[in-house]
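Can you keep this structure in mind? I'll have questions shortly.
Here is how names work: the chains are called A, B, and so on, in the same order as the sequence lines, proteins then strands, and each is numbered from 1.
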Number of protein chains: 2
Amino acid sequence: MITLTSAEENYLKAIYHLSDGGKKGVSTNDVSAEMKTKPASVSDMLRKLGEKDVIEYRKYYGLHITEEGKKLALQTIRKHRLWEVFLVEKLKFSWDEVNEVADELSHVKSKVLIQRLDEYLGFPKFDPHGDPIPDEYGDVRARPRQLLNELDLGSTGQIVAVKDSSPAFLRYLDKVGAYIGARIKVMDKTEFDGSVEILVDNKKSIFMSKDVAGNILVMV
Amino acid sequence: MITLTSAEENYLKAIYHLSDGGKKGVSTNDVSAEMKTKPASVSDMLRKLGEKDVIEYRKYYGLHITEEGKKLALQTIRKHRLWEVFLVEKLKFSWDEVNEVADELSHVKSKVLIQRLDEYLGFPKFDPHGDPIPDEYGDVRARPRQLLNELDLGSTGQIVAVKDSSPAFLRYLDKVGAYIGARIKVMDKTEFDGSVEILVDNKKSIFMSKDVAGNILVMV
DNA sequence: TTTATGATTTAGGGTAGGCTAAAAATAAAA
DNA sequence: TTTTATTTTTAGCCTACCCTAAATCATAAA
């Protein structure tokens, strides 16, 4: 059984994201930028991750994540996202506050803790940013998502994510009555400026500029 | 502002417990036994804790915890016990499983996390073992507690702790419908065998032998 | 094809927290 | 009081993870 330290887990998670799920190769400098550590430190870490067979590492030529590496990265991502759900849904953190704390929480080493947390949260499939939560075995059930401004007139869906999760944008959404999970229907589209009128939860009608709608991901 | 690493926090917490709240002196070997690390490692740590003024350390003569040290230890204890409450009440861990996991959770560095957790749990005053949870400032409001079998007929209170927290005893309590936090009233006492009849949460009446009642602490 | 540039790795060092083995201080026994 | 036993500390080493400075490799430009 491969075991990773917290730092190794963090690196592997970053590498997974940089690999875009497993295709592209990744350079030392890429990882250095992502992790905010010096390239020299990265080289050393890549050697270690290579020895543990979670990446395939060729000196001077970058790396590719392995199948085993993907599996472990997804397990780390799962833990991170479950804690994010907990922080936002139960402890009322806002979306932009959770990342750092969830990172620390996700390094607590207890399998049963994560199982119970998952159960307690009602087996959520998406985190507060709308990103899918892998299951225990690393399987991700990614549902098709579309930008709100690209939906056809009359189509319905559910808000599952935002691209811009800045506090200002979140405050705006809150103000107009939109939120992750809201069921929406496109009531009207104005062609010349791209703005849309949306019915939220079959109750409230709101107007959105193209810029705003283009930051909202909807599951159709 | 004094900041401690996770390891230093662990040592200080152990020292606080060994000091019995702050009176007795503590030896290197005491700490070594409690922490399950070698005396040589302890010496080194004591020097560091001494430099940070959380203990008063005299080589070869042991240590005394300082006021500052007590305050920090109580903050660590607070975090630990709040997480224990969370694990038992929300994630359905049993009392004998929580210690290790709560230890790891309690090292997550976020003040607001602990505040929100406290709020979410309803500002609990006692952990699942019945030990009091210090407030933000390290104040412990230890309320008077009595053994259930010593209560007078008709008196009311709340179960706050058990002396025997063996799985068997916990299972028994669970079965009869008693739990930490339950509001109880003494409905009847049988003098010759010391058994009692208790009304739990104004709903359910249960019988207890003297032995069982003598293991339950009640806040009156 | 040689050189310059930029990316990457190596070498060596720092901190934190463990360890063992040996030295030193204290306490107990003769 | 001297010797022995116990406790505690020091010295030196190890792993993990980070750093800077210097060396090395790959590649794009001349």
Side-chain angles (χ1 to χ4, degrees), chain A residues 1-15 18-19 24-65 69 72-73 76 100 103-104 106-109, chain B residues 1-15 18-19 24-65 69 72-73 76 100 103-104 106-109:
Chain A
M1 223 296 237
I2 301 172
T3 47
L4 303 177
T5 65
S6 295
E8 285 168 350
E9 270 188 6
N10 280 342
Y11 271 95
L12 188 59
K13 190 168 56 162
I15 286 167
L18 289 169
S19 312
K24 298 197 298 254
V26 176
S27 76
T28 299
N29 262 7
D30 292 344
V31 177
S32 164
E34 181 77 13
M35 292 297 295
K36 298 180 200 330
T37 53
K38 300 292 160 186
S41 311
V42 174
S43 283
D44 208 55
M45 182 56 87
L46 294 185
R47 189 185 44 72
K48 284 196 289 180
L49 292 177
E51 279 168 11
K52 293 195 176 183
D53 290 322
V54 295
I55 63 171
E56 208 180 295
Y57 173 49
R58 269 189 63 209
K59 275 191 204 174
Y60 296 104
Y61 286 91
L63 64 97
H64 287 263
I65 193 164
L72 289 175
T76 304
E100 204 186 337
D103 239 334
E104 285 194 67
S106 68
H107 291 126
V108 173
K109 306 238 169 315
Chain B
M1 222 300 238
I2 301 172
T3 47
L4 302 178
T5 65
S6 294
E8 285 169 348
E9 270 188 5
N10 279 343
Y11 271 96
L12 189 58
K13 191 168 57 160
I15 287 166
L18 289 169
S19 312
K24 298 198 298 256
V26 177
S27 75
T28 300
N29 264 4
D30 291 344
V31 178
S32 164
E34 183 77 12
M35 291 298 294
K36 298 182 201 326
T37 54
K38 299 292 159 184
S41 310
V42 174
S43 283
D44 210 53
M45 183 54 87
L46 294 185
R47 187 186 45 70
K48 284 196 285 182
L49 292 176
E51 279 167 12
K52 293 195 175 182
D53 290 322
V54 295
I55 63 171
E56 208 181 295
Y57 172 49
R58 270 188 62 209
K59 273 190 207 173
Y60 295 103
Y61 287 91
L63 63 97
H64 286 265
I65 193 164
L72 289 175
T76 304
E100 204 185 338
D103 239 335
E104 284 194 68
S106 68
H107 292 127
V108 173
K109 304 230 167 321

Item to check | Length of the NZ-P vector between A:K52 and D:dT15, whole Å | outcome: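 Rounded to whole Å, this separation is 13 Å.
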Checklist entry - Of the nucleotides C:dT9, C:dG17, C:dC19, which one has an atom closest to the side chain of B:T37? => result C:dC19
Next on the checklist: With rounding to the nearest 0.5 angstrom, report the NZ to CG distance, B:K38 to B:D44.
Outcome noted: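 B:K38 NZ to B:D44 CG: 16.0 Å, rounded to 0.5 Å.
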Checklist entry - How many Å lie between CG on B:D44 and P on D:dG12, as a whole number? => result 14 Å
Checklist entry - Where the side chain of B:M45 is concerned, which of D:dA16, C:dG18, D:dA21 is the nearest nucleotide? => result C:dG18
Checklist entry - Looking only at side-chain N and O atoms, does A:Y57 come under 4.0 Å of OP1 or OP2 in C:dT9? => result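 For C:dT9, OP1 or OP2 has a side-chain N or O of A:Y57 closer than 4.0 Å.
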Checklist entry - Quick one: is C:dA24 close enough that its OP1 or OP2 comes under 4.0 Å of any side-chain N or O from B:K59? => result no
Checklist entry - How is A:S43 classified with respect to the nucleic acid when contacts are heavy atoms under 4.0 Å: base, sugar-phosphate, or nothing? => result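 Answer is base: heavy atoms of A:S43 come under 4.0 Å of a base.
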Next on the checklist: Is there a side-chain contact between B:N29 and the phosphate of D:dT6, meaning an N or O under 4.0 Å from OP1 or OP2?
Outcome noted: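 So the side chain of B:N29 is outside the cut-off, no N or O lying under 4.0 Å from OP1 or OP2 of D:dT6.
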Checklist entry - Between B:K13 and B:D103, is the closest basic N to carboxylate O distance under 4.0 Å? => result yes
Next on the checklist: Need to verify one output field. Residue with the more 5' nearest nucleotide on DNA chain C, B:T5 or A:P39?
Outcome noted: A:P39
Next on the checklist: Does D:dT7 have its OP1 or OP2 closer than 4.0 Å to a side-chain nitrogen or oxygen of B:Y60?
Outcome noted: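 Indeed not, no polar side-chain atom of B:Y60 lies that close.
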Item to check | Atom pair CG/OH of A:L46 and A:Y11 - distance to nearest 0.5 Å | outcome: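 Between atom CG of A:L46 and atom OH of A:Y11 there are 8.0 Å.
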Next on the checklist: At 4.0 Å (heavy atoms only), tell me whether A:S41 reaches a base, stays on the sugar-phosphate, or touches nothing.
Outcome noted: base
Next on the checklist: Could you tell me if A:S27 and A:Y61 have a donor-acceptor pair between their side chains, going purely by distance under 3.5 Å?
Outcome noted: no
Checklist entry - How far apart are the closest heavy atoms of B:V26 and B:S19, and which atoms are they? => result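 Where B:V26 meets B:S19 most closely, the heavy atoms are CG2-OG, 3.6 Å.
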Checklist entry - Roughly, in whole Å, what's the span from CG in B:L46 to P in C:dG18? => result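 That distance rounds to 12 Å.
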Checklist entry - What nucleotide, of C:dG17, C:dT10, C:dA21, holds the atom closest to the side chain of B:E8? => result C:dG17
Checklist entry - Among C:dA7, C:dA11, D:dT8, which is the nearest nucleotide to the side chain of A:A40? => result C:dA11
Next on the checklist: What is the distance, to the nearest angstrom, from the CD atom on A:E9 to the P atom on D:dA16?
Outcome noted: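 Checked: the CD to P distance equals 15 Å.
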Checklist entry - Within the structure shown, what part of the strands sits under 4.0 Å from A:A7 by heavy-atom distance: base, sugar-phosphate, or nothing? => result sugar-phosphate
Item to check | Nucleotide of D:dT27, C:dT9, C:dG17 approaching B:K48 most closely (side-chain heavy atoms) | outcome: C:dG17
Item to check | A:K109 atom NZ: more than 12 heavy-atom contacts under 6.0 Å | outcome: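 For A:K109, atom NZ is crowded (more than 12 foreign heavy atoms under 6.0 Å).
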Checklist entry - Whole-Å distance between D:dA16 C1' and A:Y11 OH? => result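 Value for this atom pair: 12 Å.
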Item to check | Whole-Å gap separating P (C:dT8) and CG (A:D30) | outcome: 7 Å
Checklist entry - Would you say a side-chain N or O of A:S27 is under 4.0 Å from OP1 or OP2 of C:dA7? => result no
Item to check | Between D:dA16 (C1') and A:R47 (CZ): distance, integer Å | outcome: 11 Å
Item to check | B:L63 CG to D:dT7 P, straight-line distance once rounded to whole Å | outcome: 16 Å
